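Just below is one structure, and these are the notes that go with it.
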Amino acid sequence: MSKKIIITIGRECGSGGKHVGELISQKLNIPFYDKELLAVAAKNSGLCEEIFEFHDEKPTGSFLYSLVSDTYSMGYNHSGYIDMPLNQKVFLAQFEAIQKIADEGSCVIVGRCADYALADYKEMTSVFLHGNLEDKVKYTMEYYHLPENKAKEFMVKTDKKRSSYYNYYSDKRWGSLKSYDLCLNSSILGHEGTADFIIEFVKRRYQLDI
């Protein structure tokens, strides 16, 4: 593939964001990052991976883009970074890991404010997936092996966590049409059809022959 393709996927719980991302990755033969991003961030920052897993997409305080930019530009030895709360160090490390991954080539990244971290990357297409409630509940029940009532409870808590995280750490609103290039209901075309639609959108947007 001659041109770089970067696709970020925000998602409601149960909409199949990870599965859709994996399908896109397979169809385009480009790297996929979801939880894998945590290992990259841990390796680059020197913090243990368990810390990233604990803080993964969990909001614990507000964070300004200027602080991210200033600290990122000055490095991990900067005094501002050293004195920074742990949750902010985790976010900064993920922010840097996302940009490093994107600098290296084409990729699909799910969650973790990737669209915000890569806002200045002209090759990036940001996608948000939602879905019909019954489909999301069914998928969550199957994926996490939960009864219906527990699946619904898990979905509410997960979406609240993701929304709060995104809204704290970015200058946009989670799930808002204005925050993404493309918003799709994955229930309409199914996961594979949604993956194909996103690929076609990217092809037409950037006039790619893939």
Side-chain angles (χ1 to χ4, degrees), residues 1-12 15-41 43-45 57 63-76 91-130 162-163 165-186 189 193-210:
M1 188 182 303
S2 59
K3 292 188 178 180
K4 184 186 293 187
I5 293 176
I6 301 171
I7 299 172
T8 65
I9 300 177
R11 73 288 188 216
E12 289 183 345
S15 64
K18 179 178 181 179
H19 188 210
V20 171
E22 288 174 331
L23 288 169
I24 294 172
S25 168
Q26 293 165 11
K27 291 171 183 288
L28 296 181
N29 192 30
I30 61 177
F32 169 81
Y33 295 90
D34 182 17
K35 294 287 187 181
E36 297 83 356
L37 177 63
L38 306 183
V40 175
K43 180 180 178 181
N44 291 344
S45 67
E57 292 190 295
F63 201 56
L64 300 177
Y65 177 78
S66 59
L67 179 59
V68 178
S69 301
D70 291 345
T71 309
Y72 174 69
S73 65
M74 301 177 102
Y76 288 121
F91 178 82
L92 177 63
Q94 288 189 166
F95 189 95
E96 184 181 40
I98 289 167
Q99 293 188 332
K100 180 178 174 60
I101 288 168
D103 287 339
E104 291 175 350
S106 297
C107 57
V108 180
I109 304 176
V110 173
R112 295 158 190 92
C113 294
D115 59 309
Y116 178 63
L118 302 177
D120 294 331
Y121 286 62
K122 64 181 184 300
E123 309 94 342
M124 189 269 292
T125 296
S126 59
V127 179
F128 186 84
L129 300 182
H130 59 103
R162 289 174 179 170
S163 173
Y165 179 86
Y166 188 89
N167 295 343
Y168 272 132
Y169 290 117
S170 82
D171 59 356
K172 301 186 291 183
R173 303 298 295 178
W174 185 82
S176 169
L177 294 174
K178 296 180 180 180
S179 297
Y180 309 91
D181 299 317
L182 182 65
C183 294
L184 293 172
N185 182 337
S186 61
L189 297 177
T194 299
D196 290 337
F197 189 96
I198 293 170
I199 291 172
E200 185 62 28
F201 177 86
V202 172
K203 286 171 60 178
R204 294 195 179 198
R205 180 182 187 184
Y206 297 108
Q207 298 181 339
L208 303 175
D209 184 17
I210 55 176

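Position 1 is the first residue of the sequence, and the numbers go up from there. Side-chain atoms are counted along with the backbone in the values below, which use heavy atoms only and exclude waters and symmetry mates. Note that the structure is a prediction, hence the values are computed from the model and not measured.
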- Message: Just so I know, are the side chains of C113 and Y165 near enough to count as touching, which here means a heavy-atom distance under 4.5 Å?
- Response: yes

- On a heavy-atom basis, the closest approach of S179 and K172 is O-NZ, 3.0 Å

- Query: Aromatic rings F95 and F91: how do their planes relate, parallel, tilted or perpendicular, breaks at 30° and 60°?
  - Reply: tilted

- Query: What heavy-atom pair brings S15 and S186 nearest, and what distance separates the two atoms?
  - Reply: O-OG, 2.7 Å

- Query: Should the heavy atoms of other residues, nucleotides or ligands under 6.0 Å from CZ of R173 be counted, would the total exceed 12?
  - Reply: no

- Message: Using every non-hydrogen atom in the two residues, find where I6 and G105 come nearest and quote the distance to one decimal.
- Response: CG1-O, 4.4 Å

- Task: Working to the nearest 0.5 Å, report the span between CZ of F201 and CG of D181.
- Result: 6.0 Å

- State the CG-CD1 distance between L208 and I5, to the nearest 0.5 angstrom. 5.0 Å

- Query: Atom CD1 of I7 and atom CG of L118: how far apart are they, to the nearest 0.5 Å?
  - Reply: 12.5 Å

For residues 16-25, please give each side-chain donor-acceptor pair under 3.5 Å, one per line with the distance, not counting sequence neighbours.
residue : atom : partner : partner atom : Å
H19     : ND1  : H191    : ND1          : 2.9
S25     : OG   : I30     : O            : 2.5

- So, for D115 and M124, which heavy atoms are closest and what is the spacing to 0.1 Å? O-CE, 3.3 Å

- Query: What is the distance from atom NZ of K203 to atom OG1 of T125, rounded to the nearest 0.5 Å?
  - Reply: 13.5 Å

- Task: Show your working on side-chain contact (heavy atoms from CB on, under 4.5 Å) between Y116 and T8 and close with a plain yes or no.
- Result: CA-CA 9 Å; Y116 178 63; T8 65; over 6 Å; no

- Task: Decide yes or no on side-chain contact (heavy atoms from CB on, under 4.5 Å) for D34 and R112, but give the supporting numbers first.
- Result: CA-CA 9 Å; D34 182 17; R112 295 158 190 92; 2.7 Å; yes

- Message: Is it the case that over 12 heavy atoms from other parts of the model lie below 6.0 angstrom from the CZ atom of F197?
- Response: no

- Query: Okay, side chain of S126, backbone of Y180: is any donor-acceptor separation there less than 3.5 Å?
  - Reply: no

- Task: Look up atom CG in L28 and atom CD1 in I199, then write down how far apart they are to the nearest 0.5 Å.
- Result: 4.0 Å

- Q207 CD: over 12 foreign heavy atoms closer than 6.0 Å: no

- Chi angles and distances behind the side-chain contact (heavy atoms from CB on, under 4.5 Å) call for Q99, Y121: CA-CA 9 Å; Q99 293 188 332; Y121 286 62; 3.5 Å; yes

- Task: Please report the shortest heavy-atom distance between A114 and I98, naming the atom on each side.
- Result: CA-CD1, 3.9 Å

- Note on the structure: The reported gap from NZ in K122 to NZ in K4 (rounded to nearest 0.5 angstrom) is 8.0 Å

